[in-house]
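Data block below; observations after.
Predicted, not measured: the structure shown is a model, and the values here were computed from it. In this chain, residues are counted from 1 in sequence order.
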Amino acid sequence: ITEEDRERYETLKLSNRIMVVGLTGGIASGKSTVAKLMEELGGIVIDFDFIARKVVRPGEKAWLEIVEYFGEGILLENRELDRKKISDIVFLDPEKRKRLEGFTHPAIGKEFVRQVDDIASRENDAIIQAVIPLLIECGMQQLFHAVAVVYIQREKQVQRLIKRDGITREGAVNIIKAQMPIDEKIRYADFVINNSGTVEETRVQVKHVWDNLLEIKKELFNRQGGTPV
């Protein structure tokens with residue numbers, strides 16, 4: 001996120017008394033499930049996976065920059081990016097990965113702030129949950145009033161990933177190994193939601209987190225000189 005967008009974002013949070021919570025976790029941990037449960041309680045979702053796809057649609061600035069750098073060989077027939085091909089390229093070349101992130105990250109940050117602005121114009125006093133798979137890895141935790149990590153037992157994570165993506169056990173294990181260990185992510189968490197059990201068990205935890213967020217929000221804005229509406 002650029003300095004300009006960061007300043008705009010901080011102003012929006014303060015002037016509109018918006019609370020923004022970062023929601024993260026490992027792959028196939030159930031971030032979407034937790035986000036949906038939080039949404040049912042009144043939270044507004046901003047999905048960074050959706051933003052990441054949006055900013056590289058054909059014709060967008062980041063798409064143009066990527067095509068100029070990597071060449072048209074990374075395009076599918078419909079002119080969309082071949083994500084598998086690009087992933088294979090940057091996996092073997094850290095410099096190209098850095099360049100790719102240089103094209104996409106500022107665009108993602110700008111779209112995130114735009115969505116926060118849009119929500120603020122409609123929902124003064126909102127609680128926004130930003131669902132970000134690589135929140136900790138990208139050092140974004142300071143952007144949020146609180147960080148919630150979705151935890152899942154390792155074996156359940158492997159089984160869910162196999163079922164979701166139709167891959168082998170070996171493939172699932174390798175993907176999980178390539179990510180930051182969940183125990184390390186938990187060290188940055190204000191809240192941990194264990195999604196290893198049933199949806200109802202997760203729902204109870206989400207409600208507990210939501211109630212805590214409401215209390216934190218009340219205290220936060222009372223200190224800033226006004227009680228939220």
Side-chain angles (χ1 to χ4, degrees), residues 1-6 8-9 20 22-36 39 44-119 128-140 143 150 157-158 160-180 185:
I1 186 167
T2 65
E3 190 61 34
E4 180 183 357
D5 288 329
R6 174 70 176 264
R8 173 62 178 155
Y9 170 66
V20 190
L23 178 64
T24 192
I27 188 170
S29 60
K31 296 182 292 297
S32 296
T33 297
V34 170
K36 180 174 173 52
E39 192 173 24
I44 300 174
V45 176
I46 295 180
D47 187 335
F48 268 57
D49 276 346
F50 175 80
I51 292 178
R53 292 190 295 271
K54 179 178 180 179
V55 301
V56 295
R57 287 173 181 166
E60 296 289 341
K61 182 174 182 288
W63 180 88
L64 293 169
E65 292 171 334
I66 292 168
V67 174
E68 182 179 359
Y69 179 73
F70 287 94
E72 296 211 354
I74 49 87
L75 295 177
L76 298 169
E77 289 185 8
N78 62 3
R79 306 291 289 173
E80 291 184 359
L81 299 179
D82 187 329
R83 294 175 179 277
K84 175 66 166 60
K85 187 172 289 186
I86 294 175
S87 178
D88 290 343
I89 292 171
V90 301
F91 181 78
L92 299 172
D93 191 328
E95 179 59 31
K96 289 182 178 178
R97 173 180 290 276
K98 188 175 180 181
R99 290 297 297 273
L100 176 65
E101 292 172 349
F103 301 140
T104 59
H105 286 189
I108 291 170
K110 186 173 291 297
E111 175 61 17
F112 168 59
V113 175
R114 189 200 68 75
Q115 290 193 23
V116 171
D117 194 355
D118 181 60
I119 292 168
I128 298 171
Q129 49 175 333
V131 185
I132 312 174
L134 301 180
L135 187 157
I136 307 299
E137 291 88 334
C138 292
M140 299 175 66
L143 288 174
V150 181
Q157 185 182 20
V158 170
R160 288 184 183 179
L161 188 54
I162 291 171
K163 183 177 180 180
R164 190 192 76 179
D165 292 358
I167 57 178
T168 64
R169 180 180 181 82
E170 181 182 9
V173 169
N174 287 338
I175 290 172
I176 293 169
K177 279 184 177 179
Q179 295 194 336
M180 177 185 286
K185 290 191 177 189

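A pairwise comparison of heavy atoms in Asp5 and Gly109 identifies OD2-C, 4.5 Å as the closest pair. Heavy-atom minimum distance, Gly171 versus Ile167: C-CD1, 4.0 Å. Minimum heavy-atom separation, Ala62 to Val55: CB-O, 3.4 Å. The two residues Gly26 and Ser29 come nearest to each other via the heavy atoms O-OG, 2.7 Å.
Not a single ring pair (Phe, Tyr, Trp, His ring centres under 6.0 Å) links Phe70 to another residue, sequence neighbours left out.
Atoms CZ and CG, from Arg83 and Leu76 in turn, are 9.5 Å apart once rounded to the nearest 0.5 Å. Atom CG of Leu100 and atom CD1 of Ile89 lie 9.5 Å apart (nearest 0.5 Å). Here the CG atom belonging to Leu23 is positioned 9.0 Å from the OG atom belonging to Ser32, to the nearest 0.5 angstrom. The distance from the CD atom of Glu80 to the CG atom of Asn78 is 4.0 Å, given to the nearest 0.5 Å. For the atom pair Ile44 CD1 and Gln115 CD, the distance stands at 11.0 Å (nearest 0.5 Å). Between Asp49 atom CG and Ile132 atom CD1 the span is 10.0 Å, to the nearest 0.5 Å.
Between Lys185 and Glu137 a salt bridge is recorded (basic side-chain N to carboxylate O distance below 4.0 Å).
Thr168 has its side chain out of reach of Ile162: every pair of non-hydrogen atoms, C-beta onward, lies at least 4.5 Å apart. Put simply, the side chain of Ile175 reaches to within 4.5 Å of the side chain of Ile27, judged on heavy atoms. The closest side-chain heavy-atom distance from Ile46 to Gln129 is not below 4.5 Å. Two residues are said to be in side-chain contact when any heavy atoms from C-beta on lie closer than 4.5 Å; Gln157 and Leu161 fail this criterion.
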Worksheet item: Can Glu111 and Ile108 be said to form a side-chain contact (heavy atoms from CB on, under 4.5 Å), step by step?
Response: CA-CA 5 Å; Glu111 175 61 17; Ile108 291 170; 5.9 Å; no
Discussion item. For Glu60 and Lys54: C-alpha separation, side-chain torsions, deciding distance, then whether side-chain contact (heavy atoms from CB on, under 4.5 Å) applies.
Written reply: CA-CA 9 Å; Glu60 296 289 341; Lys54 179 178 180 179; 5.7 Å; no
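Listed by first and then second residue, the ring pair (Phe, Tyr, Trp, His ring centres under 6.0 Å) pairs involving residues 90-117 are Tyr9-Phe112, Phe48-Phe112, Tyr69-Phe103 (not counting sequence neighbours). Sorted by first and then second residue, the salt bridge (Lys or Arg N to Asp or Glu O under 4.0 Å) pairs involving residues 86-104 (not counting sequence neighbours) are Lys84-Asp88.
Paired with Ile86 under the rule side chain to side chain contact (heavy atoms under 4.5 Å, CB included), one option of Leu81, Leu75, Val56 passes, and it is Leu81.
Counting heavy atoms of neighbouring residues, nucleotides and ligands inside a 6.0 Å radius, atom CD of Glu4 does not exceed 12 of them.
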